[in-house]
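Everything below concerns the one structure shown next.
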There are 2 protein chains.
Amino acid sequence: MTPAGPAPASPPTSKDVAAEAGVSQSTVSMVLSGKWPGRVSASTAQTVREAAERLGYRPNPAARNLRLGRTRTILLVIPTLTAPFFAAVYTGAARVANEAGFSLVIFPWPIIPDGPFRVPHEAIDGMLASSMAEDSLAGPRPVPLVMLDSDPEGTAPAVNFDIEGAVRDLTAHLFALGHRRIGHLAAAIDAWTFQRRASALDAAVEDLVRVFAPIAISTGYEAAYELLSRPDRPTALVCDDDTLAVGAHKAASALGLNVPGDLSITGFDDLVLAEALDLTTVHLPAEELGAQAMTALLDLLQGRSPARPVLPAELVVRRSTGRVEL
Amino acid sequence: MTPAGPAPASPPTSKDVAAEAGVSQSTVSMVLSGKWPGRVSASTAQTVREAAERLGYRPNPAARNLRLGRTRTILLVIPTLTAPFFAAVYTGAARVANEAGFSLVIFPWPIIPDGPFRVPHEAIDGMLASSMAEDSLAGPRPVPLVMLDSDPEGTAPAVNFDIEGAVRDLTAHLFALGHRRIGHLAAAIDAWTFQRRASALDAAVEDLVRVFAPIAISTGYEAAYELLSRPDRPTALVCDDDTLAVGAHKAASALGLNVPGDLSITGFDDLVLAEALDLTTVHLPAEELGAQAMTALLDLLQGRSPARPVLPAELVVRRSTGRVEL
DNA sequence: CTGAAAGCGCTTACAG
DNA sequence: CTGAAAGCGCTTACAG
């Protein structure tokens with residue numbers, strides 16, 4: 001692992017293996033790619049495998065990619081690495097990718113606005129993009145694409161959560177606890193998933209008041225503080241994200257409001273934060289989302305028509321919601 | 001972005017650009033790589049650039065990699081994606097990499113123990129690995145490597161935090177508040193950084209009691225619950241990670257202990273969690289760690305001797321620590 | 001059952 | 001100042 005050391009002999013090539021095994025390069029390629037049965041004798045195949053093993057041969061990926069015109073690499077584009085949600089998406093997608101012999105590379109986009117970062121459309125066979133607008137991905141040339149947690153009406157197939165069902169369960173839970181006036185601490189992000197949550201709440205709740213905040217504790221705190229200071233404050237606060245719910249929690253605390261005695265709070269995602277604060281929240285199965293999206297993309301790459309599943313999102317009731325005290 | 005659509009003409013090559021500009025392939029290469037001054041006339045260069053632009057030409061990375069024998073790609077190996085700490089490391093490293101024209105690919109390792117995942121030693125020019133043992137990275141062939149948050153006595157250069165200084169500040173803070181009997185809720189992970197924290201605490205605290213827990217809220221809860229149930233429980237609990245501190249917080253709460261009245265709690269990392277819980281913690285500058293490590297790796301790749309910086313880690317005092325009540 | 005040869009798209013040493 | 005040619009390491013169609 002040191003820069004110094006014995007002269008770094010260049011890695012063995014298939015030519016070296018051929019020489020070692022006493023066969024031609026083509027035979028080596030056939031054997032190691034597994035396409036040999038019926039074309040190479042079993043004993044020759046064995047000889048080749050042993051020679052490759054002995055030399056520690058690994059095919060040069062650049063050469064293979066050049067020859068084949070594909071890379072077996074998929075790019076997962078996500079809006080931010082910092083959200084554990086996307087880590088879960090990656091885990092699910094990477095599992096399926098690896099089973100199919102594909103690599104999955106994460107690309108946070110944009111890392112720095114107006115920075116020198118470009119979505120590397122060239123070196124990939126396909127793309128997964130989560131929680132963003134499809135047209136923000138426009139590149140010099142089209143790439144097979146599956147969207148996650150995004151507008152299902154787009155050109156690319158999308159894999160989504162059942163936001164409507166989740167909001168239905170959420171509002172039913174709050175209604176059952178006696179809440180009528182409900183606040184919506186909405187994410188100030190122009191993404192389909194948040195628009196969908198807003199319109200589903202609009203449809204379900206008659207007496208709804210909405211404030212917006214960027215997703216962070218401090219911004220959630222400020223927006224919630226303002227809303228909860230109003231004389232006609234809501235008795236329940238639906239937050240678009242667990243992180244916002246943490247901010248809301250702190251605002252309630254600062255205003256001397258007891259949770260859930262005076263105020264019920266809910267989140268979305270079911271992150272580690274939600275468990276930490278005993279937050280009632282909508283569990284979004286992010287890992288499953290990643291897995292299903294990768295499955296859809298592999299279908300697409302093989303010319304099959306991909307499924308466009310809608311995954312159920314379950315309400316997890318913890319201790320941040322309670323009955324309205326009269 | 002659709003699978004269907006007009007016949008996907010294969011991407012333009014440098015040959016196409018050469019034909020379009022009426023020059024040779026070599027001239028195209030010279031111009032677009034920026035090595036033309038003094039070798040190609042300014043007007044020809046301009047013609048080539050315009051032709052490339054017109055055709056939407058992008059060099060084929062596989063061909064370039066094959067020809068040059070390098071990929072300008074660096075692999076960042078991290079033990080888990082789910083920790084926001086590593087997202088910050090990535091951000092810092094990616095910034096420096098991009099400025100130098102390198103790509104940075106994240107590789108969580110192992111995603112699944114005994115899974116089909118292999119560190120792709122072949123297609124990269126160098127490796128950054130954070131918070132793990134150097135020898136767990138052993139591959140078929142050595143790759144220029146810089147370790148982060150890892151044993152500085154290893155073969156590879158390491159970039160680290162000043163753990164000793166942090167523990168010194170932390171214990172000074174607790175001593176000043178009157179604490180004498182201190183608990184250490186230690187991460188049950190065999191990594192250098194945690195060993196270092198333990199030994200620094202051993203050196204600084206006379207009356208120390210240690211319990212171990214995997215890094216998660218529930219495990220932190222259990223270990224802390226047991227420790228805090230003892231008749232001679234400590235008055236302060238130093239946790240190896242903010243997540244463990246959350247579990248400790250919940251255990252204190254379950255046992256009817258007031259924080260910080262009855263028990264002081266501290267963490268490490270200064271994640272979003274720490275802000276949420278007003279946790280006194282050691283701020284580890286993860287983004288800076290990533291940036292400095294990438295700088296060291298670029299030095300290594302250019303044959304320069306890399307720096308091995310030790311970054312200061314600042315104690316952030318919030319409301320989870322207080323004076324011992326007598 | 002096995003091998004010689006072509007060619008993927010680039011960069012660079014060489015010739016002019 | 002510009003171009004023809006070689007070659008990186010692979011896979012595959014073709015010939016035997």
Side-chain angles (χ1 to χ4, degrees), chain A residues 8-49 51-52 55-73 101 121-123 125 140-141, chain B residues 8-49 51-52 55-73 101 121-123 125 140-141:
Chain A
S10 56
T13 69
S14 63
K15 224 177 200 165
D16 297 326
V17 177
E20 174 84 6
V23 298
S24 74
Q25 210 187 9
S26 12
T27 300
V28 170
S29 180
M30 294 267 82
V31 169
L32 297 182
S33 67
K35 294 176 188 157
W36 62 273
R39 317 229 233 153
V40 175
S41 73
S43 70
T44 304
Q46 186 56 23
T47 309
V48 168
R49 273 191 299 260
L55 297 180
Y57 170 72
R58 326 257 354 159
N60 178 315
R64 169 179 271 168
N65 292 344
L66 177 57
R67 172 64 227 235
L68 296 177
R70 51 193 168 68
T71 58
R72 293 188 86 77
T73 297
H121 285 83
E122 316 307 323
D125 288 349
R141 117 184 13 272
Chain B
S10 56
T13 69
S14 63
K15 224 177 200 165
D16 297 326
V17 176
E20 174 84 7
V23 299
S24 74
Q25 209 187 9
S26 11
T27 300
V28 171
S29 180
M30 292 268 81
V31 170
L32 298 181
S33 68
K35 293 175 189 158
W36 62 273
R39 317 229 233 152
V40 176
S41 73
S43 69
T44 304
Q46 185 58 21
T47 308
V48 168
R49 273 191 299 258
L55 298 180
Y57 170 73
R58 325 261 351 163
N60 178 315
R64 168 178 273 167
N65 292 345
L66 176 57
R67 174 63 227 237
L68 295 178
R70 50 192 170 71
T71 57
R72 293 188 86 77
T73 297
H121 284 84
E122 317 305 323
D125 287 350
R141 120 184 12 273

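Owing to the predicted nature of the structure, the values given are computational and were not obtained by experimental measurement. Naming convention: chains lettered A, B, ... in sequence-line order (proteins, then strands); numbering from 1 in each chain.
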Residues in side chain to side chain donor-acceptor pair (under 3.5 Å) contact with A/Thr44, at least two apart in sequence or another chain
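A/Ser41.
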Considering residues at least two apart in sequence or located in another chain, which fulfil the side chain to side chain donor-acceptor pair (under 3.5 Å) criterion with B/Arg49?
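With sequence neighbours excluded, B/Arg49 shows a side chain to side chain donor-acceptor pair (under 3.5 Å) to B/Gln46, given in chain and number order.
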With 3.5 Å as the limit, what N/O pairs link the protein to nucleotides 3-5 of chain D?
{"unit_1": "D/dG3", "atom_1": "OP2", "unit_2": "B/Ser24", "atom_2": "N", "d": "2.9"}
{"unit_1": "D/dG3", "atom_1": "OP2", "unit_2": "B/Ser24", "atom_2": "OG", "d": "3.3"}
{"unit_1": "D/dG3", "atom_1": "OP2", "unit_2": "B/Thr27", "atom_2": "OG1", "d": "2.9"}
{"unit_1": "D/dA4", "atom_1": "N6", "unit_2": "B/Ser26", "atom_2": "OG", "d": "2.7"}

Nearest whole Å is fine: how far is [N] [atom2] from [X] [atom1]?
X       : N      : atom1 : atom2 : value
A/Asn60 : C/dG9  : CG    : C1'   : 14 Å
B/Tyr57 : C/dG9  : OH    : P     : 10 Å
B/Lys15 : C/dC10 : NZ    : P     : 10 Å
B/Arg70 : D/dG9  : CZ    : P     : 15 Å
B/Leu66 : D/dC8  : CG    : P     : 9 Å

5' priority, DNA chain C, between A/Val40 and B/Leu68 [closest heavy atom]
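Going by which nucleotide is closer to the 5' end, it is A/Val40.
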If the condition is side chain to side chain contact (heavy atoms under 4.5 Å, CB included), which residues does A/Ser26 pass it with, not counting sequence neighbours?
A/Ser24
For A/Ala51, give me all partners under side chain to side chain contact (heavy atoms under 4.5 Å, CB included), at least two apart in sequence or on another chain.
A/Val17, A/Glu20, A/Ala21, A/Arg54
Map every base of DNA chain D to its dot-bracket character, where paired means a Watson-Crick or G-U wobble contact with both distances under 3.5 Å and | marks a partner outside the strand.
|||.||||||||.|||
Restricting both atoms to N or O, compile the protein contacts to nucleotides 14-16 of chain D shorter than 3.5 Å, with distance only.
none

Does B/Arg64 place a side-chain N or O at less than 4.0 Å from the phosphate oxygens OP1/OP2 of C/dG9?
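The answer is no; no side-chain N or O of B/Arg64 sits under 4.0 Å from OP1 or OP2.
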May I ask you to verify if any side-chain N or O of B/Ser29 is less than 4.0 angstrom from the OP1 or OP2 atom of C/dT11?
yes
Taking for each residue the nucleotide of DNA chain D bearing the nearest heavy atom, is the 5' side occupied by A/Arg67 or by B/Ala63?
B/Ala63
For DNA chain D, the residues among residues 30-37 of chain A that have a non-hydrogen atom under 4.0 Å from it
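Result for residues 30-37 of chain A: A/Lys35, sorted by number.
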Positions of residues 41-49 of chain B (non-hydrogen atom under 4.0 Å from DNA chain D), listed by number
B/Ser41, B/Thr44
Atom of [X], atom of [Y] and distance for their closest heavy-atom approach:
X       : Y        : answer
B/Asn65 : A/Ala62  : CB-CB, 3.7 Å
B/Arg72 : B/Asp125 : N-OD2, 2.6 Å
A/Pro11 : A/Asp16  : O-OD2, 4.2 Å

Atom pairs and distances, donor-acceptor, side-chain atoms in residues 30-37 of chain B, under 3.5 Å, two or more places apart:
{"unit_1": "B/Ser33", "atom_1": "OG", "unit_2": "B/Ser29", "atom_2": "O", "d": "3.0"}
{"unit_1": "B/Ser33", "atom_1": "OG", "unit_2": "B/Met30", "atom_2": "O", "d": "3.1"}

Give, for atom CG of B/Asn60 and atom OG1 of B/Thr13, the distance between the pair rounded to the nearest 0.5 Å.
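With rounding to 0.5 Å, CG (B/Asn60) is 9.0 Å from OG1 (B/Thr13).
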Is there a side-chain contact (heavy atoms from CB on, under 4.5 Å) between A/Thr47 and A/Val23? Walk through the geometry before answering.
CA-CA 9 Å; A/Thr47 309; A/Val23 298; 5.9 Å; no
